[in-house]
There are 2 protein chains.
Amino acid sequence: MIKRHTKDLLYEQVARIGKAVSSPKRLELLEILAQGEKTVEALAAEARIDIKLASAHLKVLKAARLVEAQRDGRFIAYRLSGNDVSALWVNLRTVAEEHLVELKVAMDQIFAAPENLNAETRRSLMEKARRGDVVVIDVRPSDEYASGHLPFARSMPLDEILQRIKELPADKEIVAYCRGPFCMMSAEAVALLKEHGYRAQKIADGTPEWQAAGLPLAES
Amino acid sequence: MIKRHTKDLLYEQVARIGKAVSSPKRLELLEILAQGEKTVEALAAEARIDIKLASAHLKVLKAARLVEAQRDGRFIAYRLSGNDVSALWVNLRTVAEEHLVELKVAMDQIFAAPENLNAETRRSLMEKARRGDVVVIDVRPSDEYASGHLPFARSMPLDEILQRIKELPADKEIVAYCRGPFCMMSAEAVALLKEHGYRAQKIADGTPEWQAAGLPLAES
DNA sequence: GACATATTCTAATAATCGTTAGAATATGCG
DNA sequence: CGCATATTCTAACGATTATTAGAATATGTC
């Protein structure tokens with residue numbers, strides 16, 4: 001008979017992961033890191049928190065081995081310690097969306113039309129993008145595009161869209177995506193495009209969702 | 001521009017799920033509930049905690065909508081509120097096993113040979129069981145077998161094995177499974193069987209792992 | 001309807017966690 | 001080697017959480 005104490009140790013270890021993902025701010029940091037590696041400074045700015053606080057949260061995430069740090073010149077870059085961490089974030093968010101009515105209501109208020117994709121619509125979108133029937137644009141900052149993006153998508157960061165809008169074909173459907181269902185960049189991009197007469201829609205997927213669905217990302 | 005405050009609300013909702021899975025005891029309760037529905041009393045006994053404490057933890061899990069309760073006669077039965085919750089438990093445990101060296105070490109100490117399965121070995125095992133080349137036994141309590149079990153597995157609860165050992169063929173390989181990688185019942189079953197001259201081995205999978213791998217369970 | 005029993009609620013304590021501010025450390029650059 | 005700057009460490013506070021014990025509630029049975 002194996003001792004209770006020993007068994008408790010196992011659950012305690014898993015609870016370390018649970019504790020790491022029990023704070024809203026840490027979840028936000030994980031989502032940002034799922035877009036690619038970032039410095040503490042960039043993370044703090046993105047999450048709108050103090051650098052010291054960001055550092056403290058990153059320390060917790062690092063202790064749970066969900067992220068790893070590497071010094072790169074004057075800055076320290078953090079990244080997720082594996083694709084499974086990104087998948088865990090997607091899984092947590094999906095369970096929350098599925099079971100917490102409050103979250104559903106909040107999301108409906110923020111995003112008029114939540115376009116959730118399934119396996120089939122994902123593959124069909126990729127096929128249409130490959131053929132050029134639609135233009136898929138990645139409206140995240142260009143460094144996030146560089147660390148992985150949807151196949152056949154082109155980079156068109158939100159704050160460059162107005163200057164570069166002529167690059168987009170006026171006769172084709174534009175499909176915008178950003179960091180995922182909680183990110184508002186694609187919605188803003190669609191609003192801008194529609195103002196200028198383009199046919200545009202957004203999808204809820206970001207690269208973490210795409211990857212968690214078992215589909216490949218492009219790197220170039 | 002959408003307000004920070006609104007965005008924070010989204011992460012707070014997901015963090016509710018994170019908080020729910022940040023306690024070792026709650027994780028243990030989730031794992032037990034992944035085997036089928038149970039009363040508070042049964043859960044407390046299984047996790048070796050006070051009924052009052054079990055009730056308090058269940059309240060937290062219920063608030064996060066990970067479990068739901070239903071009155072059934074004198075007892076109140078709890079169950080997971082969806083298969084995605086069971087998959088979340090598997091996902092958390094897998095991330096922990098992958099990234100936390102401490103957990104790997106602890107598991108190696110407890111379980112001599114951790115037999116982790118991949119997609120191929122799972123299908124091949126099911127095929128061999130179907131043909132009758134191996135006998136797959138489910139050593140969990142019979143009510144857990146009844147709420148779902150591996151295909152072609154027969155129920156042989158750990159505390160009945162010695163009386164019923166004659167039912168097993170002496171010339172075939174016996175494969176035992178229980179609740180999952182953290183459960184010690186299959187290891188104990190294998191030890192008993194080997195003592196009596198049977199060829200036996202265990203697998204790490206329980207029904208949650210099997211299901212999370214996308215494979216079907218049997219109900220009968 | 002009253003009793004027995006299972007479960008939850010309330011209250012209280014100790015322990016833990018999030019956040020902030022100030023000091024300390026480490027690296028790159030001159 | 002020393003300066004500038006990015007990052008982390010330390011200390012402290014208020015807020016939250018886990019656990020326990022006792023009281024209260026709800027259901028089934030007689």
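Lettering of chains follows the sequences in order, A, B, ..., and the numbering in each one begins at 1.
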Open item on the list: Is any side-chain heavy atom of B:L66 closer than 4.5 Å to one of A:V95?
Closed with: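 Heavy-atom side-chain distance check passes, below 4.5 Å.
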- [ ] Could you check if a side-chain atom of B:I17 sits within less than 4.5 angstrom of a side-chain atom of B:L88, using non-hydrogen atoms only?
- [x] yes
Task: Partner of A:R179 under salt bridge (Lys or Arg N to Asp or Glu O under 4.0 Å), chosen from A:E28, A:E46, A:E209 - done: A:E46
[X], nearest nucleotide to its side chain (from [options]):
X	options	value
A:K19	D:dA18, C:dC17, C:dT7	C:dC17
B:Y78	D:dA6, C:dT8, D:dA18	C:dT8
A:R26	C:dG18, D:dT27, D:dT19	C:dG18

Between [N] ([atom2]) and [X] ([atom1]): distance, integer Å:
X	N	atom1	atom2	result
B:E28	D:dA18	CD	P	15 Å
A:Q70	D:dA6	CD	C1'	16 Å
A:E12	C:dT16	CD	C1'	14 Å
B:L58	C:dT7	CG	P	10 Å
B:E41	D:dT27	CD	P	18 Å
A:F75	D:dA4	CZ	P	17 Å
B:I51	D:dA21	CD1	P	14 Å
A:L53	D:dC13	CG	P	19 Å

Answer yes or no: does a side-chain N or O of [X] lie under 4.0 Å from OP1 or OP2 of [N]?
X	N	result
A:K59	D:dC9	yes
B:H57	D:dT17	no
A:S55	D:dT8	yes

- [ ] Could you check A:R71 against A:K25 and say which one's nearest nucleotide on DNA chain C is further toward the 5' end?
- [x] A:K25
- [ ] Take A:D50 and A:R74, find for each the nucleotide of DNA chain C with the closest heavy atom, and name the residue whose nucleotide sits nearer the 5' end.
- [x] A:D50
Open item on the list: Taking side chain to side chain contact (heavy atoms under 4.5 Å, CB included) as the criterion, tell me which of B:V67, B:V21, B:L30 meets it with B:V85.
Closed with: B:L30
Open item on the list: So, under a plain 3.5 Å distance rule, would you say the side chain of A:K52 forms a donor-acceptor pair with the base of C:dG18?
Closed with: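 There is none.
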- [ ] Classify the ring geometry between B:Y11 and A:F182 as parallel (under 30°), tilted (30 to 60°) or perpendicular (over 60°).
- [x]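 Perpendicular.
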